[in-house]
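Please read through the structure below; I'll follow up with questions.
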Amino acid sequence: VDENGDMIVTINQGSFKENVEVVIDENENFKLKAEIEDEAKVTLNINKTTSSGLNMKDVKYRIESDNFVKNYRTDDNGNIEVKGLNIGTE
């Protein structure tokens, strides 16, 4: 809420299908009515092991997608978790 008492809506990710409606109820609470475009995202989990099954620490990977490019290293257990990938992209 800004200094004039108006509600400010900030979109961190995604988008709205229609205009956002801000309503003040009888208790002077702000309510936001909006229909959102919910785009599904996926998580990629990688577990790097040796041929004998031991976890491999500090193995470097470069993950490229249509929405980002990022470098990763496996943790002590040989794991990497990449969140926020778009479905159907390479």
Side-chain angles (χ1 to χ4, degrees):
V1 179
D2 68 11
E3 63 276 352
N4 297 321
D6 296 324
M7 183 178 207
I8 298 171
V9 178
T10 303
I11 302 170
N12 291 326
Q13 189 173 15
S15 59
F16 294 118
K17 284 186 178 180
E18 302 287 331
N19 290 332
V20 177
E21 181 183 352
V22 178
V23 178
I24 303 173
D25 69 12
E26 63 278 356
N27 297 318
E28 296 188 14
N29 295 313
F30 285 87
K31 293 188 178 184
L32 180 72
K33 291 184 180 181
E35 188 175 343
I36 60 170
E37 289 281 346
D38 191 14
E39 190 174 307
K41 302 281 184 175
V42 296
T43 300
L44 171 67
N45 291 299
I46 298 171
N47 177 250
K48 181 66 175 173
T49 59
T50 64
S51 58
S52 59
L54 298 174
N55 293 327
M56 295 181 67
K57 178 182 175 180
D58 291 327
V59 177
K60 296 177 186 178
Y61 284 88
R62 180 179 178 88
I63 308 294
E64 298 183 22
S65 179
D66 65 336
N67 57 332
F68 72 91
V69 175
K70 193 168 179 183
N71 295 315
Y72 293 87
R73 268 182 209 250
T74 55
D75 63 15
D76 291 341
N77 298 312
N79 295 319
I80 294 174
E81 183 177 72
V82 182
K83 295 182 178 182
L85 296 171
N86 291 328
I87 293 174
T89 60
E90 295 183 17

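As the structure is a computational prediction, the values presented were derived from the model and not from experiment. Excluded from the calculations below are hydrogen atoms, water molecules and symmetry mates; all remaining heavy atoms, backbone and side chain alike, are included.
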Given 3.5 Å as the limit, does a donor-acceptor pair link the side chain of Asn55 with the main chain of Asn77, or not?
yes

Could you walk me through whether Asp75 and Lys57 pass the side-chain contact (heavy atoms from CB on, under 4.5 Å) test, one step at a time?
CA-CA 5 Å; Asp75 63 15; Lys57 178 182 175 180; over 6 Å; no

Nearest 0.5 angstrom please: Lys48 NZ to Tyr61 OH, how far?
4.5 Å

Any chance you could measure Ile80, atom CD1, to Ile63, atom CD1, to the nearest 0.5 Å?
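With rounding to 0.5 Å, CD1 (Ile80) is 6.5 Å from CD1 (Ile63).
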
Side-chain (Thr74) to main-chain (Met56) donor-acceptor, under 3.5 angstrom:
yes

For Lys83, check side-chain contact (heavy atoms from CB on, under 4.5 Å) against everything at least two apart and list the hits.
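Scan of Lys83 (side-chain contact (heavy atoms from CB on, under 4.5 Å), adjacent residues dropped) gives Thr43, Glu81.
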
